[in-house]
Protein chains: 2
Amino acid sequence: MGFTVEMTPAIAEKLVTLNELHRNRWRPDIVNLLLETDTLRFGELKKQLGITQKVLTENLKWLEENQIVIRTVYPEVPPRVEYSLTEIGKELRDVHEAMRIWADYYVTHAK
Amino acid sequence: MGFTVEMTPAIAEKLVTLNELHRNRWRPDIVNLLLETDTLRFGELKKQLGITQKVLTENLKWLEENQIVIRTVYPEVPPRVEYSLTEIGKELRDVHEAMRIWADYYVTHAK
DNA sequence: CAGAATCCACGTAGATACTG
DNA sequence: CAGTATCTACGTGGATTCTG
């Protein structure tokens, strides 16, 4: 990298959002899984993550409210609800990639 | 970006380290401050962050153990202890930069 | 199937007092 | 100055039960 993004109050606010995302136990895992799999039903997310229904619901709701995840309800019985990333959510790939690069640097430079 | 770093067990382990860093309330703030200021005494960190002694000590110890921060003790009375980032710690700048870029994208694309 | 509601367990932060 | 040692408070996750 090497360049710098200017810091405005609006950007600072979204950095807070990003902090709230990463401070959570499951939110990064949910995003990672959706980055890999694109679209998943509630039950699939639950099974693949090994997470509780309550906690999964709470965090999906938070991710939706913060425009990172899209929730699509199909009017069927039994109900079918699918989750996928918004464009903003998909942009998190670069953040995760930066993290992997850092981890790689760590491995090659740690004493 | 666009390229991908291969994922090894060692890299995965350091991603866990990075997660533990970001899940904490103060660790990212400590790193950010040291990225800006390079070297700071214990008391300066405490004052500028508005953090408790106990919590600051705990987290500096964790950061030191994980080779992100270097602790330098000067044999003086009263004691003087300075903290700065290791090379690994300084590499976190790219992660924070990726976060700022994401936040900027968010601001310009949110509905 | 996809939740909502309740109760409990645990980790981490805050406040305070003490010290080489 | 730069810590250590306690005790308390609170947020978040886990387990369980119930439902349209």
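Small disclaimer: the values here were computed from a predicted structure and weren't measured. Numbers restart at 1 for each chain; the letters A, B, ... are given by sequence-line order, proteins then strands.
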Distance below 4.0 Å between [X] side-chain N/O and [N] OP1 or OP2:
X: A:Trp26; N: D:dG14; value: yes
X: A:Asn24; N: D:dG13; value: yes
X: A:Arg80; N: C:dA2; value: no
X: A:Arg71; N: C:dG3; value: yes
X: A:Lys61; N: C:dA4; value: yes

Measure from [atom1] on [X] to [atom2] on [N] and round the result to the nearest Å.
X: B:Gln53; N: C:dT19; atom1: CD; atom2: P; result: 14 Å
X: B:Tyr83; N: D:dC1; atom1: OH; atom2: C1'; result: 11 Å
X: A:Asn19; N: D:dG11; atom1: CG; atom2: C1'; result: 17 Å
X: B:Arg41; N: D:dG3; atom1: CZ; atom2: P; result: 10 Å
X: A:Asn59; N: C:dA4; atom1: CG; atom2: C1'; result: 15 Å

Charged N-O contact under 4.0 Å between [X] and [Y]:
X: B:Arg23; Y: B:Glu20; answer: no
X: B:Glu44; Y: B:Lys47; answer: yes
X: A:Arg93; Y: A:Glu91; answer: no
X: A:Lys90; Y: A:Glu87; answer: yes

Can you tell me whether the side chain of B:Lys54 and the base of C:dG14 have a donor-acceptor pair closer than 3.5 Å?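 Yes, the side chain and the base share a sub-3.5 Å donor-acceptor pair.
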